[in-house]
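Worksheet for the structure shown next.
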Amino acid sequence: MSTPWLLLLIAGLLEVVWAIGLKYTVGFTRLVPSVITVVAMIASVWLLALALKGIPVGTGYAVWTGIGAVGTAILGIVLFNEAATLARLACIGLIVAGIFGLKLVSNGG
């Protein structure tokens, strides 16, 4: 895995951290979860910007949001007892397929 793609992966994982963190901030009324969430937001966007030096913007942004969407949906199921219906899991699988597809056809990595 090349450096831009590794940065993009980490940026996507940090997107999951801040998305889940939003739930724990309770509208940014809790200090520690709020600080963690904001730091993860800044780091995620910063790493995305670095990754986009070597990855086309459309691909990078789509993969970044895809990683965030999949990770957040899965953790929503695990942590918050959100529905894990077959249709929902299939849609998550389609997003994962899209992420891998974009990686395979990307001219930036």
Side-chain angles (χ1 to χ4, degrees):
M1 181 179 298
S2 67
T3 301
W5 284 97
L6 181 59
L7 293 173
L8 185 59
L9 174 63
I10 296 168
L13 293 174
L14 285 169
E15 186 184 4
V16 175
V17 170
W18 70 254
I20 293 297
L22 286 171
K23 182 79 167 175
Y24 290 102
T25 69
V26 189
F28 289 103
T29 61
R30 297 179 63 216
L31 180 62
V32 173
S34 296
V35 170
I36 292 169
T37 299
V38 170
V39 168
M41 286 176 172
I42 292 167
S44 179
V45 172
W46 178 65
L47 290 173
L48 172 63
L50 292 177
L52 292 179
K53 290 180 175 181
I55 298 171
V57 68
T59 299
Y61 185 76
V63 170
W64 179 67
T65 58
I67 292 168
V70 168
T72 303
I74 291 170
L75 285 179
I77 292 167
V78 172
L79 297 175
F80 306 121
N81 211 21
E82 294 176 2
T85 64
L86 182 58
R88 186 168 188 201
L89 295 175
C91 290
I92 291 169
L94 289 171
I95 296 170
V96 171
I99 292 168
F100 282 110
L102 285 170
K103 170 64 171 107
L104 288 174
V105 301
S106 173
N107 60 359

Side chains of Leu50 and Leu47: closer than 4.5 Å at any heavy-atom pair?
->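 They are in contact (side-chain heavy atoms under 4.5 Å apart), so the answer is yes.
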
Using side chain to side chain contact (heavy atoms under 4.5 Å, CB included) as the criterion, list what pairs up with [X], not counting sequence neighbours.
| X | result |
| --- | --- |
| Ile42 | Val38 |
| Val57 | Leu52 |
| Val45 | Trp64 |
| Thr59 | Trp5, Ile55, Pro56, Val63, Leu102, Ser106 |

Exercise for the section: Please list all pairs passing the salt bridge (Lys or Arg N to Asp or Glu O under 4.0 Å) test where one or both residues lie in residues 49-69, with sequence neighbours left out. Expected result: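 Checked against salt bridge (Lys or Arg N to Asp or Glu O under 4.0 Å) - neighbours excluded - no pair reaches residues 49-69.
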
What residue pairs, at least two apart or across chains, pass salt bridge (Lys or Arg N to Asp or Glu O under 4.0 Å) with a residue in residues 36-50?
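For residues 36-50, and leaving out neighbouring residues, there are no salt bridge (Lys or Arg N to Asp or Glu O under 4.0 Å) pairs at all.
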
Would you say CG of Leu104 has more than 12 non-hydrogen atoms from neighbouring residues, nucleotides or ligands within 6.0 angstrom?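 Yes.
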
query: Quick check: are there more than 12 heavy atoms from other residues, nucleotides or ligands sitting under 6.0 Å from CZ of Phe100?
result: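 Counting neighbours around CZ of Phe100, 12 or fewer heavy atoms of other residues, nucleotides or ligands fall under 6.0 Å, so no.
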
Considering all heavy atoms, the nearest Ser44-Ala11 contact |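 Minimum heavy-atom contact is OG-O, 2.7 Å.
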
> What are the two closest heavy atoms between Ala40 and Val17, and how far apart are they?
Replying inline: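 So the minimum-distance heavy-atom pair works out to CB-CG1, 3.8 Å.
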
Joint cluster assignment, Trp46 & Leu6, ILVMFWY side-chain distance < 4.5 Å: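 In one cluster: yes.
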
Pairs satisfying side-chain hydrogen bond (donor to acceptor under 3.5 Å, both in side chains), at least one member in residues 14-23, at least two apart
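Those involving residues 14-23 do not exist here.
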
For residues 87-96, which side-chain donor-acceptor pairs fall under 3.5 Å, sequence neighbours excluded?
| unit_1 | atom_1 | unit_2 | atom_2 | d |
| --- | --- | --- | --- | --- |
| Arg88 | NH1 | Ala83 | O | 2.7 |
| Arg88 | NH2 | Glu82 | OE1 | 3.1 |

- [ ] Taking ring-ring contact (aromatic ring centres under 6.0 Å, His included) as the test, write out the residues that go with Tyr24, two or more places apart.
- [x]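 With sequence neighbours excluded, Tyr24 shows a ring-ring contact (aromatic ring centres under 6.0 Å, His included) to Phe80, given in chain and number order.
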
How far does CD1 of Ile99 sit from CG of Leu9, to the nearest 0.5 angstrom?
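Answer for the CD1-CG pair, Ile99 versus Leu9, is 9.5 Å.
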
Donor-acceptor contact below 3.5 Å, side chain Thr25 vs main chain Arg30 |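 No, Thr25 side chain to Arg30 backbone: no donor-acceptor pair under 3.5 Å.
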
Return all side-chain donor-acceptor pairs below 3.5 angstrom for residues 65-74, not counting sequence neighbours, or 'none' if the list is empty.
| unit_1 | atom_1 | unit_2 | atom_2 | d |
| --- | --- | --- | --- | --- |
| Thr65 | OG1 | Tyr61 | O | 3.1 |
| Thr65 | OG1 | Ala62 | O | 3.1 |
| Thr72 | OG1 | Gly68 | O | 2.6 |

